[in-house]
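Everything below concerns the one structure shown next.
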Amino acid sequence: MVVIHLALAQLFFAQNLYLLSTKVFQMHNPRCKFLILFIQLVSIISFCDYVIRIRGEDSKHSAVKVDVGIILDLETEVGKVMHISILLALADYHSRGAIRIVPHIRDSKKDDVEAASAAIYLLKDVQVQAIFGPQMSTQTDFVIDLGERVRVPIISPATSPSLSVKENHYFIRGALPSSSQTKAIAAIVKNYNWREVVVIYEESPYGTGILPYLTDALLETNAFVSYRSGISPSANDDQILRELYKLKTMQTRVFIVHTQENLASRLFLKAKEAGMMNSGYAWIITDVLTSLLNLVDTSVIESSMQGVLGVKSYVPRSNERDMFTKRWRKRFRQEYPEMDQVELNVFGLWAYDSITLLAEAVEKVGTTAIQKLRKPDTRENLTDLDALGTSEVGSLLIHSLTNTELKPGLSGDFHIVSRELQPSPYQIVNIIGKGEKIVGFWTEKDGISHKLKTNGKTAKTNNKHLGVIIWPGESTDVPRGWEIPTSGKKLRVGVPDKGGLEQFIKVVRDPKTQAVSATGFGPDVFKEVILSLPYALPYDFVPFPIAHSPTSQNYDDLVHKITSKEYDAVVGDVTILASRSEYVDFTLPFSESSISAVVPVRNDDRKNAWIFLKPLKAELWIATGAFFIFIGFVVWVLEHRVNKEFRGPKRKQVGMIFWFSFSTLVFAHKEKITSNLSRFVLIVWVFVVLVLTSSYTASLTSMLTVQQLQPTVTDLNDLIKNGEYVGYQKGSFVKDVLTRMKFDSSKLRSYRTLEEYDDALSRGSKNGGVGAIVDELPYLRLFLNKNCRKYIMVGPTYKAAGFGFAFPKGSPLVPDVSRAVLKVIEGDTMNEIIQKWFGNETDCPKQDGMAIASSLTLDSFKGLFLIAGVSAGSALLLFFLIFLYQNREIFATDDSIRKKLCAIAEVFDSERDNSNSQSTKPSEGNEIQTATLLAESEASTEILPNLSLQSPEIRISDGLGASPPPEGFSTTEPGTPVHETMSGTIEER
């Protein structure tokens with residue numbers, strides 16, 4: 001038709017132009033010719049414009065059309081919001097795009113079957129190339145399977161994480177899954193140090209899909225879901241109220257609500273009625289509910305949702321979004337004039353961006369006519385599903401949509417990676433009044449922050465905390481997260497009833513009222529700890545009997561009562577053990593503890609007649625005696641040739657060796673020492689003797705003046721070797737420790753009281769008692785406080801964590817009670833409790849181990865003996881070297897070795913001649929003089945036989961210096977001949 005119009009116009013224009021030209025040439029007026037030419041020019045321009053417009057209309061009518069299916073729940077506000085957004089998205093694209101997207105909208109009417117029927121109609125009859133929707137997860141699941149079968153992309157705003165893009169290759173998620181917000185919720189829980197939460201969810205695929213992801217996210221922050229409360233969307237108000245009262249009886253006060261807006265409105269109304277919107281409670285609502293908060297009745301928000309926290313996807317403000325919002329409101333009033341005004345939400349923005357992205361993907365595929373679905377090659381009677389064809393361009397479209405980005409979109413950076421919308425920052429809001437207040441943000445990279453930059457990245461100057469929050473009950477105090485249940489039930493506290501060691505725990509039952517009370521060190525500390533808590537904590541003591549029989553229960557059985565929920569806590573002298581901490585949580589210890597042993601002490605050694613031998617060990621006595629003999633021998637060797645006091649009969653010389661050395665012990669030696677080597681040896685040895693005698697005196701004095709508590713056994717291994725019986729406290733874990741130390745179980749005996757400890761140790765293993773008691777230090781110290789002069793603590797100390805209070809695993813009471821324990825320990829109250837039950841220990845000597853003055857050992861004097869030995873040995877070696885050198889002529893003879901040795905021995909035994917000191921090489925004159933001197937000496941000896949005894953001036957030189965002085969260290973003038981001295985002496989007489 002357009003072509004016919006164009007041909008007729010061309011014919012009419014040519015005919016008129018010909019007639020007009022003929023007339024112009026017939027005229028002779030120039031003005032007329034100019035007018036005619038101008039008319040022709042205008043006609044040509046008008047004709048060209050007409051042709052262009054005709055061709056434009058033809059191009060419009062001939063543009064490529066692409067059919068797209070839209071499945072929405074138009075009975076819901078969210079469906080209507082997305083409907084308007086889709087229409088505006090298509091209008092905006094058609095104003096600039098070359099391809100015409102034809103939407104085919106179908107209403108699923110909140111029914112899964114209607115949604116499936118609409119999808120089959122669109123795929124079979126309309127043969128759409130893509131489908132947007134449905135918006136419900138249950139409806140989307142079946143439609144995804146259809147899209148997979150016919151190879152048609154399905155873009156759905158469904159948020160259930162159970163819809164997997166990895167398993168469905170033609171499914172594109174056009175909204176954030178509910179699992180993406182779980183880390184933001186967990187960050188809020190961690191920010192306030194909440195350990196437990198209760199999840200209230202809608203019993204539907206929408207509600208249950210988030211549970212595993214939320215549980216895992218909380219576990220990463222050391223929090224966990226203590227209870228899951230499922231509420232059916234069809235539940236009436238009474239059922240909701242009963243469930244809330246059930247939650248109120250629990251101790252957790254942090255609730256995470258994951259329901260749709262209709263059920264949430266009823267839930268919060270009933271929570272207000274149940275008194276669960278007061279101070280101390282914390283409520284967190286999830287993304288969908290927070291984003292659709294404008295759909296909740298304002299009266300419900302103002303009356304029942306004040307102080308609630310919510311998370312929702314962050315949508316940055318922009319001029320484009322503001323302009324679009326105005327257009328959207330105008331179009332919504334046109335389409336739904338009978339409805340109250342509904343605000344645009346994030347689902348509407350996601351729908352706009354999804355359709356825009358789909359239109360651009362279609363345009364990328366090509367501008368030529370897109371083929372219809374290819375029908376199956378069969379003419380048999382087919383069902384609707386079998387009659388579905390396959391798309392020729394579906395794979396191209398899905399490839400184009402797999403990794404694409406719309407930047408910027410109305411919802412922000414609309415980024416599809418691997419067919420899934422990528423998470424954006426989350427806003428954290430606080431519901432106040434009729435609306436909400438932004439208190440912070442959360443991002444995957446930076447976690448919680450107070451502010452964001454305009455590009456969505458965390459500001460560097462912000463802190464890592466949320467803004468001021470108004471909690472339920474108009475309180476600004478952060479909820480603790482838990483409270484004692486309001487059902488009137490008190491805390492059931494188990495206490496051991498063992499009938500002994502009442503200083504630690506004693507259970508008393510009133511015969512009239514049957515009320516149970518507990519006293520002792522452990523219960524008194526617990527009572528003070530409870531008083532130190534910032535809140536009231538009512539409790540009742542429940543006795544746990546530990547009888548004195550082999551089959552009775554022990555402390556492990558008591559702690560296990562917590563896991564069976566018979567007790568809420570255990571108080572008493574319960575030791576913190578690694579095995580017990582696997583199924584309960586302990587507070588910080590309120591008393592230190594270790595394992596040691598107590599044994600009887602031996603009799604007082606001060607009454608022993610041989611106590612004077614105890615200061616030195618036997619090896620030290622032997623070493624000392626050996627060195628006395630050795631030093632005496634060395635001095636005798638050095639003095640034998642030059643000192644007459646070391647000469648004489650053999651018996652005298654042997655006696656001199658022993659006498660001289662042992663006399664140095666009391667410094668009583670009177671013999672004169674002439675050799676410098678002897679003097680050197682004696683100086684060192686006298687120092688050694690001084691140290692030995694001083695140490696001996698100090699040790700003996702300590703033994704005689706200080707009472708010594710010497711144990712009968714010093715090592716637990718000795719008990720095993722000797723087959724001794726060992727005692728322990730009934731019900732204690734010490735029995736397991738002894739078993740691991742390889743004690744025979746038949747050699748173990750249990751006791752309950754300190755009196756039984758005393759009796760068993762007094763009798764000993766041979767008389768039906770034990771050789772040692774092994775127990776924890778607090779018990780042993782109390783026992784020694786009463787029996788400090790009879791028993792002593794011995795052996796190594798095995799560390800233990802101490803006494804603590806036990807609570808159920810993950811109990812929120814543990815941190816608060818632990819802090820209260822520290823307050824009690826650091827204050828004066830703890831000292832008062834210890835003084836009350838254990839008294840002063842000043843009456844007994846302190847026993848931080850064995851109070852024994854040990855004997856001196858050889859190891860302590862090895863250095864001294866080494867110095868003395870080296871000194872004496874060096875002097876002896878030097879003497880022999882000089883002696884052998886001076887008598888080297890003996891070795892130069894041809895005699896046999898035996899004769900040489902005998903000659904050397906004779907020379908050594910002979911008294912040394914003084915003349916040897918005058919010259920090492922005597923001249924001939926000197927030899928004559930020496931002979932004369934010897935002759936005169938012999939004559940003088942015959943005349944005056946007692947001269948040597950009467951004249952102290954006569955001394956023999958040692959050959960290493962001048963003659964020794966008369967009184968030991970004085971000497972005559974050097975070089976004075978001996979015969980002159982002797983003559984002078986005779987003349988004086």
Side-chain angles (χ1 to χ4, degrees), residues 59-72 79 81-106 119 122-123 126-135 143 147 150-157 165 170-175 318 320-321 323-324 327-328 331 335 344 346-373 391-417 419-422:
S59 176
K60 252 185 202 181
H61 288 289
S62 62
V64 177
K65 298 180 180 179
V66 178
D67 296 310
V68 174
I70 310 293
I71 303 177
L72 299 172
V81 168
M82 288 192 291
H83 177 214
I84 302 302
S85 296
I86 291 171
L87 295 179
L88 292 176
L90 292 175
D92 291 344
Y93 174 75
H94 289 158
S95 65
R96 65 179 187 276
I99 295 180
R100 188 163 182 261
I101 305 296
V102 180
H104 299 270
I105 301 174
R106 292 293 180 269
L122 292 173
L123 293 172
V126 182
Q127 297 187 15
V128 295
Q129 300 297 329
I131 293 179
F132 179 87
Q135 66 192 65
V143 176
V150 299
R151 300 179 183 176
V152 169
I154 308 296
I155 306 175
S156 173
V165 296
Y170 284 84
F171 169 51
I172 298 174
R173 195 189 300 275
S318 63
E320 292 79 5
R321 199 191 82 177
M323 295 175 60
F324 175 78
R327 294 171 52 212
W328 184 91
R331 185 65 179 267
E335 295 290 337
L344 176 64
V346 69
F347 289 96
L349 299 177
W350 282 338
Y352 181 94
D353 291 341
S354 297
I355 293 299
T356 302
L357 210 59
L358 174 62
E360 292 180 355
V362 171
E363 187 174 357
K364 289 180 182 178
V365 170
T367 56
T368 58
I370 296 179
Q371 301 178 2
K372 297 294 184 179
L373 301 184
S391 174
E392 296 291 340
V393 296
S395 59
L396 299 177
L397 282 177
I398 202 67
H399 178 74
S400 179
L401 291 169
T402 297
N403 295 287
T404 185
E405 183 176 8
L406 186 63
K407 186 176 183 180
L410 290 182
S411 61
D413 292 341
F414 195 79
H415 192 192
I416 300 292
V417 175
R419 306 189 309 279
E420 189 160 16
L421 179 62
Q422 294 304 293

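Quick note: numbers below take in every heavy atom, side chains included, and nothing from hydrogens, waters or symmetry partners.
- For the pair Leu90/Ile355, a side-chain contact is recorded, criterion being any heavy-atom separation below 4.5 Å from C-beta on.
- With salt bridges taken as basic N to acidic carboxylate O contacts below 4.0 Å, one links Asp92 and Arg327.
- Annotation: the span from Ile131 atom CD1 to Phe171 atom CZ amounts to 13.0 Å, rounded to 0.5 Å.
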Could you give me the CA-CA distance, side-chain angles and deciding distance for Ile70 and Leu122, then say whether side chain to side chain contact (heavy atoms under 4.5 Å, CB included) is met?
-> CA-CA 9 Å; Ile70 310 293; Leu122 292 173; over 6 Å; no
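- Considering CD1 of Ile416 and CG of Asp353, their distance stands at 9.5 Å, rounded to 0.5 Å.
- Remark: Glu335 engages Arg331 in a salt bridge (charged side-chain N to carboxylate O under 4.0 Å, His left out) (not counting sequence neighbours).
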Would you check, one step at a time, whether the test side chain to side chain contact (heavy atoms under 4.5 Å, CB included) holds for Val150 with Tyr170?
-> CA-CA 9 Å; Val150 299; Tyr170 284 84; over 6 Å; no
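- Remark: His94 NE2 is packed, more than 12 non-hydrogen atoms of other residues, nucleotides or ligands lying under 6.0 Å away.
- Minimum heavy-atom separation, Asn403 to Val417: OD1-CA, 3.5 Å.
- With a 4.5 Å cut-off on side-chain heavy atoms, Ser85 and Phe324 count as touching.
- Atom CZ of Phe414 and atom CD of Glu405 lie 11.0 Å apart (nearest 0.5 Å).
- Between Gly133 and Pro157, the shortest heavy-atom contact is CA-CD, 4.0 Å.
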Side chain to side chain contact (heavy atoms under 4.5 Å, CB included) evaluation trace for Leu123 with Val152 | CA-CA 9 Å; Leu123 293 172; Val152 169; 3.9 Å; yes
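- In this structure Ser400 satisfies the side chain to side chain contact (heavy atoms under 4.5 Å, CB included) test together with Ala361, Lys364, sequence neighbours excluded.
- Checked by atom type, the side-chain pair Gln135/Ser156 shows no donor-acceptor distance below 3.5 Å.
- Note that CD1 of Ile155 is 12.0 Å distant from CZ of Arg419, once rounded to the nearest 0.5 Å.
- What you find for Gln129 and Leu397 is that their closest heavy atoms are O-CD1, 3.7 Å.
- Contact record, Ala359 with Ile101: CB-CG1, 4.2 Å, taken as the closest heavy-atom pair.
- Here CZ of Arg321 is found 14.0 Å from OH of Tyr352. Values are rounded to the nearest 0.5 Å.
- The structure places CE of Met82 at 12.5 Å from CG of Leu87, a figure rounded to the nearest 0.5 Å.
- Listed here is the closest heavy atom pair of Ile398 and Pro153: CD1-CB, 4.0 Å.
- The side chain to side chain contact (heavy atoms under 4.5 Å, CB included) test with Val81 singles out one residue from Ile86, Leu349, Val346, Leu344, and that residue is Leu344.
- Screening Val362, Leu358, Leu396 for a side chain to side chain contact (heavy atoms under 4.5 Å, CB included) with Leu401, the sole residue that qualifies is Leu358.
- For the residue pair Glu360 / Tyr93, no side-chain donor-acceptor distance below 3.5 Å is found, with atom types taken as modelled.
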How far apart are the C-alpha atoms of Leu88 and Trp328, what are their side-chain angles, what is the distance that settles it, and do they pass the side chain to side chain contact (heavy atoms under 4.5 Å, CB included) test?
-> CA-CA 8 Å; Leu88 292 176; Trp328 184 91; 4.0 Å; yes
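- Looking only at side-chain heavy atoms (C-beta outward), His104 and Asp67 come within less than 4.5 Å of each other.
- Nearest heavy atoms, Trp350 versus Ser411: CD1-OG, 3.5 Å.
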